[in-house]
Amino acid sequence: MSAAQFEARVTANTRLGGGYFTLELEADAPTPVAGARPGQFVMLRGAWGRELLNPRAFSVLHAEGSRLAILAKPYGVGTRRMWALRPGDPMTVTGPLGRGFPDPDPDVRDLLVAGGVGLPPLHLQARVAAAAGLADRQELYYGGRDHHDLVLLHDFAAWGVAAHLATEDGSLGVRGRVTAALAPRLAQARANHERVRILSCGPTPMLAAVRTLGLAHGIETLLCLEENMACGFGVCLGCAVPVHGEKPYRYCCTDGPVFDAREVRWP
Amino acid sequence: MSAAQFEARVTANTRLGGGYFTLELEADAPTPVAGARPGQFVMLRGAWGRELLNPRAFSVLHAEGSRLAILAKPYGVGTRRMWALRPGDPMTVTGPLGRGFPDPDPDVRDLLVAGGVGLPPLHLQARVAAAAGLADRQELYYGGRDHHDLVLLHDFAAWGVAAHLATEDGSLGVRGRVTAALAPRLAQARANHERVRILSCGPTPMLAAVRTLGLAHGIETLLCLEENMACGFGVCLGCAVPVHGEKPYRYCCTDGPVFDAREVRWP
Amino acid sequence: MTHRSPSARDPASVELACEFGPLRLQSPILAASGCFAYGQQFAAFTDLRALGGISTKGISPLPRHGNPLPRICETAGGMLNSIGLENVGVEAFLRDKLPFLRELGVSVWVNFFGTDFPTYIDCARSLGNVPGIDVLELNISCPNIKHGGIEFGTVPEVAHRLTRACVEVSAAPIVVKLTPNAADNVAMADAVRQAGAMGVSLINTITGMAIDVRRRRPRIATAYGGLSGPAIKPIALRMVHQVATRFPDLPICGMGGILSGEDALEFLMAGARCVQVGTANFAEPGACPRITRELRALMAELDIARTADAVGGLHPWPPEAEMHDR
Amino acid sequence: MTHRSPSARDPASVELACEFGPLRLQSPILAASGCFAYGQQFAAFTDLRALGGISTKGISPLPRHGNPLPRICETAGGMLNSIGLENVGVEAFLRDKLPFLRELGVSVWVNFFGTDFPTYIDCARSLGNVPGIDVLELNISCPNIKHGGIEFGTVPEVAHRLTRACVEVSAAPIVVKLTPNAADNVAMADAVRQAGAMGVSLINTITGMAIDVRRRRPRIATAYGGLSGPAIKPIALRMVHQVATRFPDLPICGMGGILSGEDALEFLMAGARCVQVGTANFAEPGACPRITRELRALMAELDIARTADAVGGLHPWPPEAEMHDR
Ligand SMILES: Cc1cc2nc3c(=O)[nH]c(=O)nc-3n(C[C@H](O)[C@H](O)[C@H](O)COP(=O)(O)OP(=O)(O)OC[C@H]3O[C@@H](n4cnc5c(N)ncnc54)[C@H](O)[C@@H]3O)c2cc1C
Ligand SMILES: Cc1cc2nc3c(=O)[nH]c(=O)nc-3n(C[C@H](O)[C@H](O)[C@H](O)COP(=O)(O)OP(=O)(O)OC[C@H]3O[C@@H](n4cnc5c(N)ncnc54)[C@H](O)[C@@H]3O)c2cc1C
Ligand SMILES: Cc1cc2nc3c(=O)[nH]c(=O)nc-3n(C[C@H](O)[C@H](O)[C@H](O)COP(=O)(O)O)c2cc1C
Ligand SMILES: Cc1cc2nc3c(=O)[nH]c(=O)nc-3n(C[C@H](O)[C@H](O)[C@H](O)COP(=O)(O)O)c2cc1C
Ligand code: FES
Ligand code: FES
């Protein structure tokens with residue numbers, strides 16, 4: 001699905017608690033973002049004049065026809081402005097960009113490991129799987145600081161996707177990091193020769209821990225990475241990802257954002 | 001009345017036609033701008049981040065208690081943003097600044113000569129005079145390109161201030177420039193030894209013509225000038241006005257914006 | 001909304017085509033080096049054939065992998081980059097990238113650099129004699145590589161020698177891209193002009209820094225990077241104007257923070273014969289064609305018939321005594 | 001809204017007081033020259049006693065009337081000014097302005113300049129031996145006057161001689177304000193340091209231009225003016241960092257685009273011992289006290305006990321292989 005740049009308007013900006021919000025946008029006509037795979041992203045820019053030049057990257061949470069939604073949290077100056085957007089405000093969208101996760105596979109269990117604003121790709125993967133009747137092939141492992149950090153849980157419940165929650169303060173699910181919940185599951189899968197793969201998106205330290213676990217258990221691990229992006233379509237070369245192999249870098253926006261954990265040059 | 005800086009919210013942004021709009025603002029508590037004289041101004045700045053640094057100057061159109069209103073027209077980047085403001089949007093206000101016109105005087109006729117966004121000081125002068133029962137000592141000479149360029153006429157009518165209108169296309173009042181309407185009035189005043197003075201605000205070419213007329217007739221002429229301003233309170237030295245006398249410049253924001261036409265160093 | 005004077009002429013009658021030294025460009029709006037890669041990615045979004053030309057990512061004799069990450073961050077009205085001149089190298093460029101560019105029918109500017117005299121000259125020789133390359137843009141100004149780059153761009157005598165050496169081995173005309181980090185751009189322009197440069201491009205990015213106070217470290221891994229975007233436009237316009245005023249016959253390609261047709265026209269009026277659009281392409285793949293449309297409309301409004309008529313010719317301010325009519 | 005780590009310490013416990021060479025400042029936040037006049041106008045809006053100090057408008061031996069208008073215009077994230085160093089002159093300054101400043105109890109920096117060696121020295125002598133003046137800030141960097149100004153600021157040997165001559169006649173320590181228009185700020189800093197300057201201020205404005213395309217003329221009457229504001233912050237930070245890295249013992253007063261406490265902290269971490277706030281004062285007469293409050297809160301959040309602990313000490317980026325924990 002080739003990408004396009006188009007104008008859209010905010011139709012809703014919903015505060016979810018914990019600082020999270022979903023932003024829903026609508027264009028005048030159906031857009032190619034409706035065909036986005038889980039893990040693909042859009043570049044968004046508001047009417048920011050000459051102060052903020054570059055758009056910001058957001059994973060597609062959901063898209064259909066002329067509509068699309070993302071999940072975000074105020075972080076720096078761009079996301080703080082997005083937090084304050086109101087219905088009717090204009091945004092410029094470019095997408096869908098990048099390569100997403102593989103399709104759900106009836107023969108494989110997807111262990112969806114999410115943290116923070118890394119939820120959208122896994123939320124969309126679960127949605128797609130559920131629509132294909134493969135909800136029971138998806139298991140969500142979702143961690144955060146506290147219960148405010150875990151959002152959109154009802155969707156997984158509605159789709160019939162099992163959710164394993166972890167919070168650092170124990171206010172929801174098991175107490176601890178998401179990897180604590182994941183580790184025994186990987187051991188079990190290995191013991192049972194079960195075909196599983198890890199699909200993960202979240203803060204980089206979490207991804208690093210997931211990667212270490214996945215590699216240790218010899219389980220296919222796909223990481224959806226974040227890098228600072230100026231363009232999102234392969235021209236600025238800002239979004240280099242350090243990789244093993246012939247060349248030291250690949251590009252988050254065009255080669256990723258989904259990378260095989262083995263490829264990523266992390267310790 | 002000493003100036004203050006305070007936060008306010010837009011309560012109304014009213015399109016008047018011809019590109020003009022009035023912006024009404026309200027602060028949490030009464031502000032010193034309520035005591036502004038006609039010709040005094042405020043510096044306004046929206047939530048413009050780091051792109052536009054400096055506030056913009058606007059004559060006080062009306063102020064009472066915690067409320068104030070200005071009249072404007074989209075011109076450059078700042079006024080274009082103001083055009084798009086909506087109720088609830090925040091603005092930072094500093095004012096009242098500068099020195100305004102003299103009080104209405106029962107023994108003198110004020111010939112209020114206005115053009116474009118130069119109307120507010122004269123509108124406020126007429127309002128003040130009317131409140132003091134001196135509406136009949138005020139005469140408005142108001143010119144524009146066409147009838148869209150002449151706004152808020154009903155106020156003058158309500159106050160009982162006579163209005164002499166001129167449009168370049170003849171669509172309202174006499175055809176021609178406002179000076180064409182003013183010139184015979186000055187001749188008449190001189191012939192009758194009538195005590196009149198000119199109070200004028202508008203585009204610089206108009207002010208230059210008014211000044212020439214006033215000087216030619218030996219009539220006291222007060223011009224409310226515009227200069228690029230960064231601060232509005234006398235520190236940047238950006239708003240120099242060329243004057244005759246010992247020093248080549250005075251400052252629009254602190255010495256003005258109202259200057260005696262004789263003082264201004266124009267040809 | 002705002003009262004705009006109605007167009008003084010039909011926008012369709014505005015002639016954007018212009019000359020840049022011996023070159024004929026169909027429009028003065030080109031894409032800037034490092035901000036357009038080798039053009040392909042833009043084909044999906046926009047019609048590349050409307051451009052005046054494309055300046056490629058800087059090419060070196062051998063491929064380069066670039067700098068460690070993070071490589072970019074945003075600042076007020078600008079961005080810092082420290083890409084490190086990552087590029088595919090001469091050989092892969094000629095094989096994989098040039099055919100696509102040549103096909104477009106727009107003027108092809110190949111931005112290039114070396115790390116010392118021999119590699120610069122090698123590069124000029126390999127690229128400067130290939131059909132379909134219209135200009136070699138000699139980059140003596142990249143702040144992001146350790147060797148070469150900046151020192152070539154700040155000492156007039158060195159720039160002179162380097163330019164002369166490249167001119168001698170290249171059939172394609174050489175346009176030297178000057179760095180704003182030099183003390184005196186006029187002296188630099190003079191040096192390369194006398195060495196046979198056909199023209200100059202200015203400006204490249206300005207060395208800058210940003211700090212993440214929470215992590216107490218620079219925002220980009222190399223600490224310093226190149227500042228681009230509207231933040232630098234006033235500096236770029238001043239430099240273009242200085243050089244154009246001093247050397248009215250030297251073709252100048254102006255750039256730095258162009259986001260709109262009006263920005264482009266500012267550069268033309270400052271004395272540039274054509275301009276490049278850089279950072280704007282990242283947010284908006286269709287930036288160049290939009291800016292071209294805006295320039296055309298603005299020239300029509302201001303009754304400027306041809307690009308050449310827009311170049312230079314700034315009016316001085318009248319004496320203060322006559323300023324009442326501004 | 002955003003999750004901020006709760007303050008690591010009580011903001012009230014943060015010690016803003018700091019040393020700048022022999023001076024003790026009660027806060028590292030000063031008001032910048034030319035952006036605060038002589039202080040009086042701000043008294044109506046804000047408590048001046050909370051400042052670390054005030055740098056006055058540049059003073060010359062005789063009063064100056066400044067440049068023709070228009071003198072200012074805004075650019076993306078910045079503004080251009082060409083005030084032309086208008087000032088009341090030494091005599092009126094000492095008589096009418098200094099008493100007010102001295103009363104405040106904050107450190108008084110008198111920014112000064114001449115048009116040639118004798119007038120510079122004259123000025124240093126008249127101002128440098130007056131009680132209540134804590135620093136003479138030697139402005140060798142103003143782009144807006146025809147004579148003096150820029151040439152003094154770009155040639156290290158000239159700056160050295162000028163600084164030495166001023167140091168010799170002034171009891172007050174001399175801080176030299178360097179210009180970003182020089183090729184090599186490190187060389188300039190070295191030259192004035194060796195000439196006996198107590199410290200350096202950087203940066204002054206950068207020469208820039210803006211064009212009104214509709215009137216086809218420069219936006220300010222002198223065509224070129226000085227660019228200030230957030231647009232130049234990355235350039236200023238880089239220059240402060242370069243000089244601080246090279247001369248860790250030389251006190252640096254950093255400035256350029258500071259609008260917030262976080263901006264100020266960036267300058268401290270780049271190596272400045274104190275900072276000045278310029279353009280921000282125009283929009284917000286209370287900018288300096290607000291920035292001071294923000295700096296205090298941010299230092300508390302980051303568990304920085306004293307201003308001195310905020311200065312310098314940037315962490316380098318870890319090798320890429322360890323970057324996953326960023
Ligand atoms: C492929 C992709 C998908 C993403 N999906 C989402 C999403 O669904 N929801 C969401 O909330 N966010 C998502 N992000 C992150 C989002 O793009 C950043 O939070 C956003 O760019 C921050 O913008 P800002 O203006 O708020 O912060 P800035 O002020 O631009 O940045 C503040 C600081 O954050 C750093 N920074 C900025 N962007 C990133 C980044 N991408 N990674 C690491 N550090 C960064 C900057 O260097 C700077 O230090 C995604 C990023 C990528 C690359
Ligand atoms: C004392 C005073 C009272 C004013 N009262 C009103 C008012 O009641 N209503 C109203 O609509 N406007 C008023 N103005 C004018 C208003 O301040 C400007 O229109 C505004 O600053 C333009 O801002 P902008 O961002 O839209 O334009 P900018 O993009 O800032 O400016 C565009 C161009 O206009 C020039 N310019 C900007 N300001 C001025 C100026 N003041 N005079 C001449 N040229 C200028 C700039 O140099 C630039 O070339 C007043 C100005 C002053 C000084
Ligand atoms: C990410 C990036 C990469 C760049 N790479 C190059 C390059 O390889 N060679 C070069 O001469 N200039 C390079 N530049 C500089 C631009 O061509 C241009 O001179 C500069 O960015 C100013 O223009 P702008 O403000 O429109 O971006 C690069 C700029 C950016 C932002
Ligand atoms: C209107 C204006 C006038 C200035 N006048 C002086 C001056 O007289 N002497 C001086 O050394 N610097 C002067 N400066 C420079 C500032 O002190 C400061 O170095 C520069 O503006 C960068 O800081 P900022 O971005 O916070 O404004 C002036 C700056 C402005 C904007
Ligand atoms: S974001 Fe520009 S190349 Fe990836
Ligand atoms: S606007 Fe700053 S001195 Fe008048």
Side-chain angles (χ1 to χ4, degrees), chain A residues 1-7 32 42-57 75-79 81 91-97 204 225-243 245-254 264-266, chain C residues 31-32 34-46 57-58 63-88 144 212 214 219-221 225 228-231 233 257 259-260 263 278-287 290:
Chain A
M1 173 61 66
S2 101
Q5 181 162 92
F6 55 88
E7 302 301 313
V42 290
M43 297 297 283
L44 293 184
R45 190 170 184 275
W48 292 334
R50 292 177 172 233
E51 184 183 352
L52 300 184
L53 296 180
N54 296 326
R56 304 311 201 234
Y75 185 70
V77 49
T79 44
R81 291 197 185 191
M91 291 212 102
T92 305
V93 187
T94 308
L97 298 166
T204 308
L225 303 185
E226 283 190 13
E227 283 304 332
N228 291 6
M229 293 184 171
C231 71
F233 57 98
V235 299
C236 74
L237 307 186
C239 66
V241 172
V243 293
E246 216 184 313
K247 294 183 184 180
Y249 302 111
R250 296 186 76 201
Y251 292 95
C252 189
C253 68
T254 45
V264 178
R265 184 156 46 87
W266 286 350
Chain C
C35 304
F36 220 72
Y38 310 102
Q40 289 123 320
Q41 290 90 337
F42 290 84
F45 295 100
T46 189
K57 178 76 197 156
R64 289 176 61 101
H65 297 310
N67 286 338
L69 52 141
R71 296 174 169 188
I72 54 171
C73 77
E74 208 160 341
T75 65
M79 64 177 280
L80 290 171
N81 88 79
S82 175
I83 305 301
L85 290 179
E86 170 157 357
N87 77 94
V88 298
N144 297 330
D212 182 337
R214 293 198 160 67
R219 284 199 186 269
I220 54 180
S228 64
K233 195 182 73 169
L259 296 190
S260 70
D263 295 332
T279 306
N281 295 296
F282 298 151
E284 188 190 356
R290 174 186 52 77

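Both backbone and side-chain heavy atoms feed into the values below; hydrogens, waters and symmetry mates do not. Within every chain, numbering begins at 1; the chains are lettered A, B, ... in the order of the sequence lines, protein sequences first and strands thereafter.
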C:Phe36 vs C:Phe42 aromatic rings, parallel, tilted or perpendicular, using cut-offs 30° and 60°? parallel
Residue C:Thr75 versus chain A: region with a heavy atom under 4.5 Å: backbone
Taking side chain as everything from C-beta outward and backbone as N, CA, C, O, which of these in A:Arg50 sits under 4.5 Å from a heavy atom of chain C? Side chain, backbone, both or neither. both
C:Glu86 portion near chain A, given a 4.5 angstrom heavy-atom threshold: both
With a 4.5 Å cut-off on side-chain heavy atoms, are A:Val264 and A:Leu225 touching? yes
Interchain contact, A:Ala4 with chain C, by part (heavy-atom threshold 4.5 Å): backbone
Taking every non-hydrogen atom, the tightest pair across C:Pro70 and C:Arg219: CG-O, 3.4 Å
Only pairs of heavy atoms separated by less than 4.5 Å count here; which of C:Ala37, C:Gly77, C:Gly34, C:Gly286 has the most with chain A? C:Gly77
Against chain A, label C:Asp263 side chain, backbone, both or neither, depending on which of its atoms sit under 4.5 Å from a heavy atom there. side chain
Which heavy atom of C:Gln41 sits nearest to which heavy atom of A:Gly234, and what is that distance? NE2-O, 3.1 Å
Looking at A:Cys239, A:Gly232, A:Gly49, A:Pro55, which one has more heavy-atom pairs under 4.5 Å with chain C than the rest? A:Pro55
For C:Glu284, is it the side chain, the backbone, both or neither that has a heavy atom under 4.5 Å from a heavy atom of chain A? both
Short N-O contact, A:Arg56 and C:Glu74, less than 4.0 angstrom: yes
Side-chain contact test, heavy atoms from C-beta onward, threshold under 4.5 Å: evaluate it for A:Val241 versus A:Arg265 and give yes or no. no
